[in-house]
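Okay, structure first, notes after.
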Amino acid sequence: MPHYHTLGKIPHKRHTQFRKPDGNLYAEQLFSTEGFSNDYSLLYHNHPPTQIIRTDKPVNVQPEIAEEKMLQHRSLEGFKIPPEKDFLHSRKPVLVNNDCHIILAAPQLNMGSYFYKNADADELIFIHEGSGVLQTMYGEINFGYGDYLVIPRGTIYQIHFSETNNRLLIVESFSPIRYPKKYLSPYGQLLEHSPYCERDIRVPKNLQTHDETGDFLIKTKKKGMLYGIHYLHHPFDVVGWDGCCYPYAFSIHDFEPITGRVHQPPPVHQTFEAHNFVVCSFVPRLFDYHPESIPAPYNHSNIDSDEVLYYVDGDFMSRKHVTRGMINLHPGGIPHGPHPGAVQKSIGAKQTNELAVMIDTFHPLQLTTTALEIENEGYVMSWAE
Ligand SMILES: [Fe+2]
């Protein structure tokens, strides 16, 4: 949950007459992702956000499941996902369950002709390669390498990339993505022991008001279908807003690692949480400083969760043959740990430059047909080499 923010012009009192220079009323919209019972924002539009002029035939974008059940360590070569021109076509779900979809994407072009709204899921977009601007009805957020973009479900947006070489890791979350509860005060401030704080959160800026009439297509995702809905007015016709529900950016490079004399467990890397999964950031840090410490992680049995590690950059102390964009899945139920030789090699090491994103789901993930196309065969036996 981001904190209260306001941008542009808003009336002194909510739900009161707020008039344009010509005397007509602005159209107020309450925007929340959990009914009227949680964080919300109030937006003031030049035109009501309800004026549909036509609709297209829906398109099925449901992920194709290849393996519904399995108990095997898996490894995927994320950068083998082929680049595609269109942002929505480029999104390839690889691991999915009822709580989240983990998606890889290599979009090449800007979303010039349409807008996008995910009505099902909050989106967490991790920028592995590329830069650009996220344009929304709340304003703009510039992004670059290492940024997490958190976009509440229902937010209308366009992504504009600065170049064609873009690599994204996207998590669709079917519940709100929040800061970890353990780092929040009872009233929602990020506490002193949190690895990041409000200053690290980048909120929308540069609110551009497009008071335009025409045919504006919002591709809207709902229950695995993409609906083309055409509106009479530009969706970014907001003159002002305030509240606690809006997109924001947080850079993985601003995550301050928590270290100790001996190996710290994965929860110290936690960055976000949602219902039934968490997201962690592994960032460059000093290793453990007990004179007899073992920096490499111990073997562990994650009985209750599937662990997904997405490798971003740097050296990975616990594994061999790691490539950028690789995804390793260690399912709950069988233990995993460092590769042979990694424990001994780690002793005496002072620091790591690893950069990785981890997603731990509390229910098993399913593999899609795309995941099988980019799979490294034989990974399950790699500890016995
Ligand atoms: Fe693990």
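Whatever order the structure lists ligands and atoms in, that order sets their numbers, starting from 1.
With respect to K221 and D120, no salt bridge is recorded, no charged nitrogen being found less than 4.0 Å from a carboxylate O. At a threshold of 4.0 Å, the pair R91-E172 counts as salt-bridged, since one of the basic side-chain nitrogens sits closer than that to a carboxylate oxygen.
Each of I141, L124, V279, T155 was evaluated against V150; a single residue qualifies, L124, per the side-chain contact (heavy atoms from CB on, under 4.5 Å) test.
Among residues at least two apart or in separate chains, salt bridge (charged side-chain N to carboxylate O under 4.0 Å, His left out) pairs with a member in residues 190-210 are D147-R202.
Every residue two or more places apart in sequence or in another chain was checked for a ring pair (Phe, Tyr, Trp, His ring centres under 6.0 Å) with Y40, and none qualifies. K92 pairs by the salt bridge (charged side-chain N to carboxylate O under 4.0 Å, His left out) definition with E84, not counting sequence neighbours.
Distances under 2.8 Å from the Fe ion (ligand 1) pick out the protein N/O/S atoms H300 NE2, E307 OE1, H336 NE2.
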